[in-house]
Amino acid sequence: QKEVEQNSGPLSVPEGAIASLNCTYSDRGSQSFFWYRQYSGKSPELIMFIYSNGDKEDGRFTAQLNKASQYVSLLIRDSQPSDSATYLCAVTPNSGYALNFGKGTSLLVTP
Amino acid sequence: DAGVIQSPRHEVTEMGQEVTLRCKPISGHDYLFWYRQTMMRGLELLIYFNNNVPIDDSGMPEDRFSAKMPNASFSTLKIQPSEPRDSAVYFCASSLITAQETQYFGPGTRLLVL
């Protein structure tokens with residue numbers, strides 16, 4: 001199966017700082033890229049998706065995609081303790097709609 | 001909308017028993033996905049349906065696992081016989097045909113096989 005890799009963390013950042021989460025993928029034909037947030041004991045919830053190279057901003061979140069280097073990242077500005085969660089990167093293959101998830105990065109925002 | 005509904009929320013069973021997990025997708029959604037999440041393997045897709053038809057079941061680990069979608073509002077994932085290594089959280093998700101990749105997850109079923 002095509003791989004989606006994430007650093008498991010935990011990534012610890014102080015409140016108000018920028019948190020940077022990274023993800024690499026092996027399938028060069030991947031089409032769509034997603035970031036999900038999962039609180040402990042809860043289900044994943046979609047934060048944002050990106051299809052094209054470059055940056056996409058939504059509030060405090062910015063997704064960055066570089067298909068040539070096969071990586072996608074998520075920046076969280078002005079991090080809040082409520083952002084503490086596991087962040088899952090997901091990728092769709094060249095064909096089909098099945099999401100291939102990374103194992104997630106645990107983020108801890110300290111007050 | 002009530003969102004994706006799964007039942008039971010927790011299931012404890014003994015090895016060898018049959019387990020049936022249930023899912024009701026969001027009304028009007030055309031795609032339904034079953035995932036399994038463990039610490040070791042993360043979140044894995046087991047099978048997905050489009051308009052009640054199974055499209056890709058390559059993620060189903062063994063013949064002990066089976067899934068059905070008899071109508072647009074109900075799906076089951078069955079494990080028979082269950083084994084301790086099946087212990088995991090099983091998520092169901094659904095999406096609209098016009099936004100297939102934007103999946104909405106149910107609360108999950110936490111399964112423990114003793």
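All chains are named by letter (A, B, ...) in the order of the sequence lines, taking the proteins before the strands, and each is independently numbered beginning at 1. Note that this is a predicted model, so its numbers are computed, not measured.
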If two hydrophobic side chains count as joined below 4.5 Å and joins carry through other members, does [X] share a cluster with [Y]?
X	Y	result
B:Met60	B:Trp34	yes
B:Leu77	B:Tyr48	no
B:Ile55	B:Phe74	no

With sequence neighbours left out, the residues meeting salt bridge (Lys or Arg N to Asp or Glu O under 4.0 Å) with A:Glu57 are A:Arg77
Applying a strict 4.5 Å limit to non-hydrogen atoms, the region of A:Gln38 in contact with chain B is side chain
Contact list (residues 106-114 of chain B to chain A, heavy-atom gap under 4.5 Å, by number) returns B:Gly106, B:Pro107, B:Arg110
Please check if the number of heavy atoms outside [X] that lie under 6.0 Å from its [atom1] is greater than 12.
X	atom1	value
A:Phe49	CZ	no
B:Asp63	CG	no
A:Arg60	CZ	yes

Closest non-hydrogen contact found for A:Leu88 with B:Leu43 is CD1-CD2, 4.3 Å
Residues pairing under salt bridge (Lys or Arg N to Asp or Glu O under 4.0 Å) where one sits in residues 12-28 of chain B, two or more places apart or in two chains, turn out to be B:Glu18-B:Lys78
Quick one: [atom1] on [X] to [atom2] on [Y], what's the gap to the nearest 0.5 Å?
X	Y	atom1	atom2	answer
A:Leu46	B:Ser95	CG	OG	11.5 Å
B:Gln37	A:Phe101	CD	CZ	9.0 Å
A:Lys103	B:Glu44	NZ	CD	8.5 Å

Bottom line for B:Tyr35: the part with an atom under 4.5 Å from chain A's heavy atoms is side chain
Whatever's closer than 4.5 Å to a heavy atom in chain A on B:Phe105 counts as both
Here the disulfide bond (SG atoms under 2.5 Å apart) pairs for residues 49-78 of chain A, sequence neighbours left out, are none
